[in-house]
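Chain letters run A, B, ... following the sequence lines, proteins first, then strands; residues in each count from 1.
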Amino acid sequence: MDRIRTRFAPSPTGFMHLGVLRTALYAWLYAKKNDGNFILRIEDTDRARYVEGAVEVIYNTLKTCGLFWDEGPDIGGDYAPYIQSERMKSGLYMKYALELIEKDAAYYCFCPPESENCPCRDLKGEANESQPAEFVIRQKSPKDGETSFYDKIFGEITVPNSEIEDQILIKSDGMPTYNFANVIDDHTMNITHIIRGTEFLSSTPKYILLYESLGWTPPAFIHVAPIMRDSSHKLSKREGDAYFSDFTEKGYLVEAVINYIALLGWAPGGENEFFTLDELADEFDLKGISKSPSIFDETKMRAINAHYIRNLSPEDFKKLALPYIGEHKIDYALLCAALQPRAEVLSDITPQVDFIEKVCAYEIDLYNNKKMKTSPETALVALKEAVCTLEKHEFNRDSLYNAFKASAEESEVKIGYFLYPLQVALTGKQAAPGGGLDICIMLGKDESIKRIKEAVEKLS
RNA sequence: GGCCCGUUGGUCAAGCGGUUAAGACUCCGCCCUUUCACGGCGGCAACAGGGGUUCGAGUCCCCUACGGGUCACCA
């Protein structure tokens, strides 16, 4: 059996849409799972839509995701070139278009765009002198009967030939259309499995007809349903985020994004839902791909991202968190340890560390806490005592904890009677990355005492 | 509109003729606890509707509804 070859054939139109990335991922996974090759091909037959730097975005995204290709424009391969505009230079597409005309499976059309009742279909042969110089080459599809093919996800699909129009193969600028170039490239590159979106499901019979006319065996088709923003709209840039870069910039981890989109439209065999790329490649199976569109849920992706963040080593987390924390005089090890379980995405960090430079502005009723049984009045007492405690005892967590604990027992209150007001005094926040004592240690003795004294003044 | 495809909790989804219809996220409750989280335990919540076939249907067939795709010299 031939080695499996899948391809990712994006158009360089700008950013990497998550849906497109997922298609690339599936193609990569299918190749790796079956010990095959993953080929990258750039489809740039539309000169008007060409975007500067877009090819680099494709390279970079694939690389950061770990989806390395075995053949491609930059690394070459046995079927080079891998950019359609380059491939066209050899006359590749025109050659096959002419072959189709030869076989009466295509014809020249001289009609202006959008004209109806084109008479060219019945004109045998080539352009003659009296015709306009501009022409296109159209596929000559049968009028009767039906065409069917087998999709590995959807099964047998049959379309009446009357629905298949004479699509353009070669445009008047001499470039092949996407559909035509696709067929020629996939065959000449020996692609065995085409993985793409369901938007191509109904045009696949046209492809089949082309393969048949050329006497080629069609590859296997695997159509994947789209990622939706809601039940009736595709995920798009129009409303909210849709590009891979949108999420990495927000502080999502690459591994988490890949893990999440792999699960959007595909279900693994077991109950586990956390996979590395390699584990995905082992698990990947076409059986798990769903036929219906999936709605993108950022809340779920956040949860997955949170799991990845929590599983980071303290060193890795610190490295990733630093840009979101900034430069401060604080115990970074303690801070990061507190932050790690509190960040679902990295950008959650920034609003949590705003108390470090200075206490956040707050109203004194923040000292009211039902559960801790505190109020501005009790806080004043507790904070005054806290200053003494900090000054009298060795400045470390255990010794201070024991001191506060002893005071609490003596006064027959919970330790929170002291520590909640301490937290408020030190941060000005109702919720902080760590309790009063933790923050105290992070900030250091002098800074803590200074802030508590300020709070005492505020309360007096 | 024609043609093609789809429809299990709010979301992702398992299921492949006989199940108390998994699991995850969300939400709620409890426990842990110096706040908030993390973690642990528990809970709410679904087979689009109608006909068949069958001893038996989420699973097979048909119809309806709803949703998506496609009908470009765009990819």
Taking the nucleotide of RNA chain B with the closest heavy atom to each, which residue, A/Met228 or A/Pro433, is nearer the 5' end?
A/Pro433
Between A/Thr13 and A/Ile295, whichever has its closest RNA chain B nucleotide further toward 5' is A/Ile295
Taking any heavy-atom pair under 4.0 Å as a contact, classify A/Gln167: base, sugar-phosphate, or nothing.
nothing
Rounding to an integer number of Å, can you tell me how far [X] [atom1] sits from [N] [atom2]?
| X | N | atom1 | atom2 | result |
| --- | --- | --- | --- | --- |
| A/Phe355 | B/C36 | CZ | C1' | 12 Å |
| A/Asn259 | B/C25 | CG | P | 13 Å |
| A/Arg196 | B/G69 | CZ | P | 17 Å |
| A/Glu163 | B/C71 | CD | C1' | 8 Å |
| A/Leu383 | B/U35 | CG | P | 16 Å |
| A/Phe154 | B/G69 | CZ | C1' | 10 Å |
| A/Leu334 | B/C38 | CG | P | 20 Å |

For the [atom1] atom on [X], are there more than 12 heavy atoms of other groups (residues, nucleotides or ligands in this structure) within a distance under 6.0 Å?
| X | atom1 | value |
| --- | --- | --- |
| A/Lys373 | NZ | no |
| A/Asn272 | CG | yes |
| A/Lys453 | NZ | no |

Any donor-acceptor N/O pair under 3.5 Å between B/C4 base and A/Ser202 side chain
no
Would you say the base of B/U26 and the side-chain of A/Arg302 have a donor-acceptor pair closer than 3.5 Å?
no
Specify the glycosidic conformation (syn or anti) of B/C38, with syn defined as within 90° of 0.
syn
Assign the ring pair A/Phe296 / A/Tyr260 to parallel, tilted or perpendicular, where the plane angle (0 to 90°) is split at 30° and 60°.
perpendicular
For the residue pair A/Tyr26 and A/Phe284, does the interplanar ring angle fall in the parallel (under 30°), tilted (30 to 60°) or perpendicular (over 60°) class?
tilted
Whole-angstrom distance between [N] and [M], as gauged at atom [atom1]:
| N | M | atom1 | answer |
| --- | --- | --- | --- |
| B/C27 | B/G9 | C1' | 13 Å |
| B/A46 | B/C12 | C1' | 13 Å |
| B/U54 | B/G42 | C1' | 40 Å |
| B/G56 | B/G69 | P | 40 Å |
| B/A48 | B/G58 | P | 10 Å |

Side chain of [X], heavy atoms from C-beta onward: which of [options] has the nearest atom to it?
| X | options | answer |
| --- | --- | --- |
| A/Glu199 | B/G69, B/C71, B/U33 | B/G69 |
| A/Asp297 | B/U11, B/A14, B/C16 | B/U11 |
| A/Val136 | B/C73, B/U34, B/C4 | B/C73 |
| A/Arg342 | B/U35, B/A14, B/A22 | B/U35 |
| A/Leu437 | B/G68, B/C38, B/U34 | B/U34 |

Please tell me if [X] has a side-chain N or O lying less than 4.0 Å from either OP1 or OP2 of [N].
| X | N | answer |
| --- | --- | --- |
| A/Ser294 | B/A13 | yes |
| A/Tyr401 | B/U34 | yes |
| A/Lys300 | B/C12 | no |
| A/Lys405 | B/U33 | no |
| A/Lys206 | B/C71 | no |

Any donor-acceptor pair under 3.5 Å linking the side-chain atoms of A/Tyr252 with those of A/Glu298?
yes
